Trainee: 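Below is the structure I would like to discuss, written out as structure tokens.
Note that the structure is predicted; figures quoted are calculated from it, not measured. Here is the naming used below: chain letters follow the sequence lines, and residue numbers restart at 1 for every chain.
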Amino acid sequence: MSENQSAPAQANPASIRFEDFGLSPEILRALADQGYVNPTPIQAQAIPVVLQGRDVMGAAQTGTGKTAGFSLPIIQLLLAHANSSASPARHPVRALILTPTRELADQVADNVKAYSRYTPLRSTVVFGGMDMAPQTAALRAGVEIVIATPGRLLDHVQQKTLNLSQTQILVMDEADRMLDMGFLPDLQRIINLLPKQRQNLMFSATFSPEIKKLANSFLSSPVTIEVARSNATNENVTQILYKVEEESKRRAVAHIIRERGLKQVIVFSNTKIGASRLARELEKQGLKASAIHGDKSQAERMAALESFKKGDVEILVATDVAARGLDIAELPCVINYDLPYNAEDYVHRIGRTGRAGASGDAISLVTEKDAKLLADIEKLIKKKLVPTELPGFVADAGHVSEGRSRREESRGSYGGERRPRRDEERGGRGAAAPLPRKEKIDPWFLKPYEPEKPAPVSALESSSAPTSAPAPASKAASSGKSQKPKLAALLGGLPKR
DNA sequence: AAAAAAC
């Protein structure tokens with residue numbers, strides 16, 4: 001269901017076929033290999049526009065087929081417009097795709113490789129944390145398409161193993177995340193290396209004022225494509241919240257996983273240390289868990305992701321390195337061990353499940369301290385979230401054998417965690433029945449959700465009804481993020497294209 | 001307050 005009319009109107013995408021776009025037989029064959037027949041809504045909108053050579057500002061939730069939406073027409077364009085023979089290199093880089101995280105770059109590269117499989121086009125992925133040599137070799141051998149994280153890309157440029165002077169198409173994937181991560185200066189450097197005449201595609205999950213500004217600076221009269229309300233949560237995802245004590249969170253996670261018999265679940269932690277500890281604890285409890293975060297070596301990160309995808313590891317405990325874009329087939333459930341500090345990350349995290357039309361559950365553990373975070377999330381997704389008791393969970397340390405003292409437990413397996421308070425030890429242990437501690441209900445859980453004011457809503461944010469044109473931008477009434485002045489300053493100095 | 005990214 002196409003909600004935005006900025007792109008050419010489309011009939012029901014289900015009636016459109018990939019064959020209708022005039023894609024080359026090689027591309028169609030690759031699609032057939034994967035069993036793809038009909039484009040998703042964003043693909044139906046993006047493919048024709050990209051093929052026309054237009055710039056694109058795309059808003060799409062992950063799991064909507066965004067990657068194919070830009071990859072397929074790019075491959076087609078590169079095939080159709082043969083390399084300008086005047087170029088010195090036989091294989092200049094003609095398309096560049098930038099992503100914020102290494103895993104995402106790797107994943108996009110896998111897709112591009114699959115789609116271009118039957119074409120003569122060559123592609124490679126370039127990101128940090130890995131040996132330069134193989135990347136250098138691949139680049140020297142010649143590739144038309146490079147997928148990269150910004151830092152390592154610039155490194156290769158500096159080493160003269162990569163030349164971007166012939167690059168005709170630039171894709172910025174998860175652009176809002178790249179801004180969050182402070183990639184703006186790198187983006188500027190990279191763009192300065194590209195020909196002035198080129199096609200730009202920018203994808204962002206949200207349309208913050210900063211993103212709009214970035215789009216204004218980098219894009220040339222872009223076509224706006226939007227298939228879902230920004231900041232909306234996927235309808236296929238059921239959001240469940242359980243209130244727990246801080247001290248019970250690890251056991252609560254194990255309990256949920258066991259009760260539900262989960263064989264594939266990502267558990268999000270706010271900290272790298274927390275992720276490692278939780279993974280260790282789950283493993284100790286006999287569950288197959290592995291952690292992925294930025295303090296692990298890139299080899300470890302990739303191994304963890306790989307074994308999770310293969311099913312050898314059933315629980316991937318992750319920081320927000322895995323919050324965006326990662327496509328794990330048939331992931332039925334994600335668990336927020338911590339509520340994210342940034343409400344937008346909540347949307348991204350739970351977007352790992354319920355992908356490609358499947359349904360999924362997003363379970364969040366909520367403690368008393370999380371009231372503010374929860375309120376922020378409710379405000380962002382414009383939906384009331386009600387934490388409930390976790391069924392069948394004994395809030396006290398029920399799994400600890402009687403012989404082992406609580407003190408030993410808190411020292412041994414729980415590392416730096418503080419001991420349970422005395423009043424938390426009341427509930428009896430090992431019992432199967434839920435705790436009779438209803439009297440201790442925190443008032444904030446009961447407080448009705450009330451949005452502050454009617455909330456200024458921009459056209460892009462409010463598309464329950466189709467909008468005919470991007471409304472007069474709801475003046476950048478953004479939260480006064482500390483990052484903002486800096487960003488404005490940086491963008492201010494950019495040449496408008 | 002924390003995470004991500006080049007060496």
Trainee: Remember a base hit wins even if backbone is also touched, and classify A:Asp320 as base, sugar-phosphate or nothing at under 4.0 Å, heavy atoms.
Mentor: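 Here A:Asp320 touches no strand at all.
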Trainee: Quickly work out the A:Asn336 CG to B:dA3 C1' distance and round it to whole Å.
Mentor: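 Atom CG in A:Asn336 sits about 14 Å away from atom C1' in B:dA3.
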Trainee: At their closest point, which heavy atom of A:Ser276 faces which heavy atom of A:Ala291, and how far apart are they?
Mentor: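 That would be CA-CB, 4.1 Å.
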Trainee: For A:Arg189 and B:dA5, is the shortest distance between a side-chain N/O and OP1 or OP2 below 4.0 Å?
Mentor: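 For B:dA5, neither OP1 nor OP2 has a side-chain N or O of A:Arg189 closer than 4.0 Å.
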Trainee: What is the separation between atom NZ on A:Lys160 and atom P on B:dA6, rounded to the nearest whole Å?
Mentor: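 Going from NZ in A:Lys160 over to P in B:dA6 covers 20 Å.
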Trainee: List in chain and number order the residues that pass side chain to side chain contact (heavy atoms under 4.5 Å, CB included) with A:Thr319, two or more places apart in sequence or in another chain; answer none if no residue qualifies.
Mentor: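 A:Thr319 satisfies side chain to side chain contact (heavy atoms under 4.5 Å, CB included) with A:Lys272, A:Ala275, A:His293, A:Val321 only.
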Trainee: Using atom CD1 of A:Ile292 as one end and atom P of B:dA4 as the other, report the distance to the nearest whole Å.
Mentor: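 The answer, rounded to whole Å, is 10 Å.
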Trainee: Starting at OH of A:Tyr341 and ending at C1' of B:dA4, how long is that distance when rounded to a whole Å?
Mentor: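 In whole Å, B:dA4 C1' lies 16 Å from A:Tyr341 OH.
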Trainee: Among B:dA6, B:dA3, B:dA5, find the nucleotide with the atom closest to the side chain of A:Phe127.
Mentor: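 The nucleotide sitting nearest to the side chain is B:dA6.
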Trainee: Is it the case that the side chain of A:Thr353 and the backbone of A:Leu331 share a donor-acceptor pair, with hydrogens and angles ignored and the cut-off at 3.5 Å?
Mentor: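 Yes.
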Trainee: Is there a salt bridge (Lys or Arg N to Asp or Glu O under 4.0 Å) between A:Asp345 and A:Arg177? Walk through the geometry before answering.
Mentor: CA-CA 10 Å; A:Asp345 286 332; A:Arg177 184 58 149 197; 3.0 Å; yes
Trainee: Should A:Thr149 be listed as having a side-chain N or O under 4.0 Å from OP1 or OP2 of B:dA4?
Mentor: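 So the side chain of A:Thr149 is outside the cut-off, no N or O lying under 4.0 Å from OP1 or OP2 of B:dA4.
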Trainee: Ignoring backbone atoms, establish whether A:Arg324 has a side-chain N or O less than 4.0 Å from OP1 or OP2 of B:dA3.
Mentor: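 Answer is no, no contact under 4.0 Å.
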Trainee: Whole angstrom is fine here: how far is it from CG in A:Asn270 over to C1' in B:dA4?
Mentor: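 In whole Å, B:dA4 C1' lies 14 Å from A:Asn270 CG.
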Trainee: Can you tell me how far P of B:dA4 sits from CG of A:Asp173, to the nearest Å?
Mentor: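 Result: 19 Å.
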Trainee: So, is A:Thr271 near the phosphate of B:dA1, with a side-chain N or O under 4.0 Å from OP1 or OP2?
Mentor: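 Answer no for this pair, as no side-chain N or O of A:Thr271 is under 4.0 Å from OP1 or OP2.
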Trainee: Whole angstroms only, please: what is the CG-C1' distance between A:Leu162 and B:dA6?
Mentor: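 The distance from CG of A:Leu162 to C1' of B:dA6 comes to 14 Å, rounded to the nearest Å.
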Trainee: Think A:Arg102 has a side-chain N or O under 4.0 angstrom from the OP1 or OP2 of B:dA5?
Mentor: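 Result: yes.
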Trainee: Tell me the interatomic distance from A:Asp376, atom CG, to B:dA2, atom P, rounded to whole angstroms.
Mentor: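 Taking atom P of B:dA2 as the reference, CG of A:Asp376 is at 17 Å.
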Trainee: Name all residues meeting the ring pair (Phe, Tyr, Trp, His ring centres under 6.0 Å) criterion together with A:Phe127; count only those two or more places apart in sequence or in a different chain, and write none if there are none.
Mentor: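 Counting only residues at least two positions away or on another chain, A:Phe127 forms no ring pair (Phe, Tyr, Trp, His ring centres under 6.0 Å).
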